[in-house]
Amino acid sequence: MSLMDKRISEIHEQLHNGELKVSDVVGESISRIKEVDGKVHAFLSVNEEEAQNQAAALDEKLAGTDERGLLFGLPMGIKDNILTKGLTTTCASQILSNFEPIHNATVVENLDQADAVTIGKCNMDEFAMGSSNENSSFKVTRNPWDTDRVPGGSSGGSAAAVASGEVLFSLGSDTGGSIRQPASYCGVVGLKPTYGRVSRFGLVAFASSLEQIGPITRTVEDNAYVMQTIAGHDKMDSTSADVEIDDYLSALTGDITDLKIAVPKEYLGEGVDEGVRESVQEALRELERLGATWEEVSLPHSKYAVAAYYLLASSEASANLARFDGIRYGVRVENESSLLETYKKSRSEGFGDEVKRRIMLGTFALSSGYYDAYYKKAQQARTLIKQDFDDILADYDVIVGPTAPTVAFKVGEQIDDPLTMYANDILTIPMNLAGVPAISVPCGFSEGLPVGLQIIGKHFDESTVYRVAHAYEQATEHYKTRPNLEGGASS
Amino acid sequence: MARLTKEQVEHVAHLARLDLSDDEVERMTTQLDDIIGFAELLNELDTANVEPTSHVLDVKNVVREDERRPSSDREDVLKNAPDQQDGQVKVPSVLE
């Protein structure tokens, strides 16, 4: 068994009692990347030398003492839209291909304080816009379960890196499903925290009112360890919430007796593959066996979520991405004729198709004469969608459904049709609009590919989300089935 | 029925500071038209008395004392600038 297949607590124990050194764990992560990343392409850059130096320093630093945090010495991958001081951070875009951050994101700072080791930066859809990783301007990450298929997106590199055992955990960001959908496609655990729970300082902004950074891990327990380290108020992010953080580990009791679950009928209806539906229905039976009860409910405004999301996210993106003009950082394409032409050339050559499309959509929706009809209308739809969640979560502890309507699709299958691609996020977008926390946890296989179960909670109640996910995971142990990268596709 | 014309797409591209090729304008006109057509699904909703939501949490303005504190080093900030001169970011000529 590879070290990378172990749980964080097992590695921690072995580091603690001297059976393992940090250099062993980091070394194994790097050799696994050398072995499989030529097939998976999860990493845009690997920080080999620095990671090994850090490992040696950590081994020395705490030799003979007991002062080791839970993430001490553990190898991690960071999505390439999260700033890492001195480590190139590209957002998988040509326009930032040479960008070296001068400070860390708050989450990276927190993980550094905990002595976790950054192994490298994970591939993604350019500026987190996409559901397949095919919008990366550098390479396409492949699904470790079947390398003809996409890993999902936009945090596809982060999910594939964990699924293929390259790192023990990774960070992704989720604007409309970008942590949960790739976690579902790759058979790993991914949490989108409550909006405001985790600092966004140092996350390159795409849609500021929707996105959150969150952990991707093999197990729910591992996820809770990482979340405990990154959650909390940050004075550098004025939208981060000053709300007490629960002890997530103590929530992992395995007891969900009398828990009330709502199952929206809209989440198991048309457009959801039969195999996905069956896996989720079987999961509901398992949750019942564990003592929970569930009832069918309705979130009547579900069908408006994708439309509202694309207007709002693109509008915010058109404003946020205005900063990339080739002046202060990034790639400048000189045009001596004027400053305006330099902006235009730098942006046109620096951004890929999907990013341009969304900037255009957002600029249109915010432009004079269209603002009320599109942007404001979408914000009003958002109110109704959020109200749906408030109503249901007043009566139930959690909402449960699939994470994505299908399993991972093939590379190239949807890339030419933006609207089909957007529909992949139909079950994950509403939670970003409502700001509620949601996790994807593996719930079996369809066509030999992983299916994700989505568990959604009340604002700031990640504890209950974790409790349900953990109880289900421990009863089913789907996480123990691993992709087989040596022999090609699994199943 | 087309909601968007090529001329509108060209105007929006200018607002967005994008220089699109003829091919891109053509493709973008069709694709944006499709996406906007899809988004018009929202017109089914009666939102006459619905407040818009820009933010899910009840966030207020966050203020701090107006005190001097160190900012990033000039040298650090200029490290990523494509062009610089005398400790400043150099840009193409702004005035004609």
Side-chain angles (χ1 to χ4, degrees), chain A residues 98-100 102-103 195-196 209 235 238-239 241 301 303-304 306-308 310-311 318 322 325-332 334-345 347-348 351 356-357 359-361 363-364 367 374 376-384 386 418-419 433-435 459, chain B residues 4 8-9 11-21 24 27-29 31-32 34-57 59-64 72-73 75-84 89-96:
Chain A
N98 60 1
F99 180 64
E100 247 189 46
I102 60 171
H103 65 80
Y195 184 82
S209 83
K235 66 180 192 319
S238 57
T239 64
H301 297 95
K303 75 168 180 175
Y304 302 105
V306 175
Y310 276 93
L311 290 171
S318 73
D325 55 8
I327 300 300
R328 289 156 302 162
Y329 37 69
V331 176
R332 181 188 298 180
E334 287 289 356
N335 185 310
E336 290 304 328
S337 68
S338 71
L339 185 62
L340 181 65
E341 286 307 314
T342 297
Y343 293 152
K344 285 188 174 181
K345 280 267 173 289
R347 289 165 63 76
S348 302
F351 293 140
K356 286 185 203 172
R357 198 150 46 228
I359 290 173
M360 290 286 292
L361 176 62
T363 306
F364 172 77
S367 65
Y374 295 105
K376 189 177 167 204
K377 188 79 182 177
Q379 285 192 319
Q380 289 170 315
R382 184 177 187 180
T383 304
L384 297 171
K386 179 175 178 288
L419 281 174
L433 291 170
H459 285 135
Chain B
L4 270 183
Q8 275 177 300
V9 169
H11 173 64
V12 172
H14 171 71
L15 293 177
R17 300 294 183 260
L18 290 171
D19 195 4
L20 301 182
S21 68
E24 279 181 306
R27 201 157 21 112
M28 201 74 90
T29 306
Q31 288 175 335
L32 288 179
D34 286 351
I35 296 168
I36 290 161
F38 166 71
E40 285 179 353
L41 178 68
L42 299 181
N43 292 341
E44 287 177 19
L45 292 170
D46 178 6
T47 51
N49 297 310
V50 179
E51 286 293 316
T53 294
S54 57
H55 232 275
V56 281
L57 303 176
V59 249
K60 305 273 190 302
N61 280 337
V62 179
V63 295
R64 61 173 170 80
S72 304
D73 283 350
E75 207 178 303
D76 279 348
V77 172
L78 285 171
K79 258 201 310 219
N80 279 294
D83 199 3
Q84 54 173 295
V89 174
K90 191 178 172 192
V91 300
S93 147
V94 179
L95 301 170
E96 300 293 313

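Letters A, B, ... are given to chains in the order of the sequence lines, protein chains preceding strands, and every chain is numbered from 1.
A heavy-atom distance below 4.5 Å is found between the side chains of B:N80 and A:E100. Looking only at side-chain heavy atoms (C-beta outward), B:E40 and A:Y374 come within less than 4.5 Å of each other. Between B:V50 and A:R382, every side-chain heavy-atom pair lies at or beyond the 4.5 Å cut-off. By the 4.5 Å heavy-atom criterion applied to side chains, B:V89 and A:I327 are counted as neighbours. In this structure, the side chains of A:K235 and B:V62 stay at 4.5 Å or more apart for every pair of heavy atoms.
Using a 4.5 Å cut-off between heavy atoms, A:Y195 touches chain B through backbone and side chain atoms alike. Neither the backbone nor the side chain of A:A322 comes within contact range of chain B, judged by heavy atoms closer than 4.5 Å. The parts of B:H14 that come within reach of chain A are both its backbone and its side chain, each placing non-hydrogen atoms under 4.5 angstrom from that chain. Only the side chain of B:Q31 has a heavy atom closer than 4.5 Å to any heavy atom of chain A. Contact annotation for A:S318: neither backbone nor side-chain heavy atoms come within less than 4.5 Å of a heavy atom of chain B. For A:L433, the part sitting under 4.5 Å from any heavy atom of chain B is the backbone (N, CA, C, O) and nothing else. Residue A:D325: no heavy atom, backbone or side chain, is found under 4.5 Å from chain B. Within the 4.5 angstrom heavy-atom criterion, only side-chain atoms of B:R27, from C-beta onward, approach chain A.
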Counting only pairs under 3.5 Å, give me each side-chain donor-acceptor contact of residues 41-49 of chain B, with atom names and distances, residues two or more places apart or in other chains.
unit_1 : atom_1 : unit_2 : atom_2 : d
B:E44  : OE1    : A:K303 : NZ     : 3.2
B:E44  : OE1    : A:Y304 : OH     : 2.6
B:D46  : OD1    : B:A48  : N      : 3.1
B:T47  : OG1    : A:K377 : NZ     : 2.9
B:T47  : OG1    : A:Q380 : OE1    : 3.2

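The CD atom of B:Q8 lies 10.0 Å from the CE atom of A:M360; values are rounded to the nearest 0.5 Å. Once rounded to the nearest 0.5 Å, the distance linking CZ of B:R17 with CZ of A:R347 reads 9.0 Å. Distance check: B:K90 NZ to A:R332 CZ gives 9.0 Å after rounding to the nearest 0.5 Å. In this structure, the separation between CE on B:M28 and NZ on A:K356 is 7.0 Å, given to the nearest 0.5 Å. Here the straight-line distance linking atom CD of B:Q84 with atom CZ of A:R328 works out to 14.5 Å at 0.5 Å rounding. Taken to the nearest 0.5 Å, the CG atom of B:L18 stands 7.0 Å off from the CZ atom of A:F351.
Annotation for A:F364 and B:L4: closest pair CE1-CD2, 3.7 Å, computed over non-hydrogen atoms. Listed here is the closest heavy atom pair of B:P82 and A:Y329: CD-N, 4.0 Å. Between A:S209 and B:S54 the shortest heavy-atom distance is CB-O, 3.4 Å. Taking each heavy atom of B:A16 and A:T363 in turn, the nearest pair found is CB-OG1, 3.5 Å. Among all heavy-atom pairs drawn from A:L339 and B:P92, the shortest one is CD1-CD, 3.6 Å.
Most heavy-atom pairs under 4.5 Å with chain A, from the set B:N61, B:D83, B:D34, B:L78: that is B:D83. Looking only at heavy-atom pairs under 4.5 Å with chain B, the residue among A:K345, A:K386, A:H103, A:R357 that has the most is A:R357.
Partners of A:K344 according to the salt bridge (Lys or Arg N to Asp or Glu O under 4.0 Å) rule, which considers only residues two or more places apart in sequence or in another chain, do not exist here.
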Quick one, A:L361 with B:I36, criterion side chain to side chain contact (heavy atoms under 4.5 Å, CB included). Give me CA distance, side-chain angles, the key distance, then yes/no. CA-CA 8 Å; A:L361 176 62; B:I36 290 161; 3.9 Å; yes

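In this structure, the side chain of A:T383 engages the main chain of B:T53 through a donor-acceptor pair within 3.5 Å.
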